[in-house]
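The structure appears below as structure tokens.
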Amino acid sequence: NAGVTQTPKFQVLKTGQSMTLQCAQDMNHNSMYWYRQDPGMGLRLIYYSASEGTTDKGEVPNGYNVSRLNKREFSLRLESAAPSQTSVYFCASSESGGASYGYTFGSGTRLTVV
Amino acid sequence: SQQGEEDPQALSIQEGENATMNCSYKTSINNLQWYRQNSGRGLVHLILIRSNEREKHSGRLRVTLDTSKKSSSLLITASRAADTASYFCATDSYSSASKIIFGSGTRLSIRP
């Protein structure tokens, strides 16, 4: 089925390790986003890419980097993981930026940093 | 900082009753969206309402928007057990139209 695919679904890291979360969409959407969700809370925007070739910081970008590899793929990298980065990470895409179109979300990556 | 805040934080109702959730936001917007999240899953887009619209319907969902009060409500009529989920509002803003910010959500439980 068409949608947003995130890998991996689960990951445990030791403090200081690095990893890349992968996200791919097959809906030909222009805009892609990375959010984190902490227990009992809403989503906070980490980084977004309004269109291929552009990336911008969201609310909580510290400790993360992103790459918009092509129109389909948007990866999130943790260079030196910290326990505060334990969270569920969601990738989303939309036809264009802002709230003019609904966002399609992936199923999430559950990351634990010990 | 959060643009939208939902109220109540948690709501428990009997199956068949109507559920109403509210969202307040801080700055002028272009559009407002509502999403549902089932436990352990990603968010699903429910409905979008534009700043020049006052009410919108989709099946058992009714959304209202009052830009003068900077608030929106989501009404789910004739609730079902499958409606048990968290519901989030999300808004853009005039100053940052290229992204949306989510509220902290309302946890809705439907009792059989």
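Here is how names work: the chains are called A, B, and so on, in the same order as the sequence lines, proteins then strands, and each is numbered from 1.
Contacts between A:Q37 and chain B at a heavy-atom distance below 4.5 Å involve the side chain alone, from C-beta outward. If you measure heavy-atom distances from B:L43 to chain A, the contacts under 4.5 Å come from both the backbone and the side chain. Of the atoms belonging to B:Q37, it is side-chain heavy atoms, and not backbone ones, that fall under 4.5 Å from chain A.
With hydrogens and angles left out, the side-chain atoms of A:R68 and A:T55 include no donor and acceptor closer than 3.5 Å.
Taken to the nearest 0.5 Å, the OG atom of B:S72 stands 7.5 Å off from the CD1 atom of B:I29.
Ion pairing between B:R60 and B:D83 holds under the 4.0 Å rule for side-chain N and carboxylate O.
Taking the six-membered ring for Trp and thresholds of 30 and 60 degrees, A:Y48 and A:Y33 have nearly parallel ring planes, at less than 30 degrees apart.
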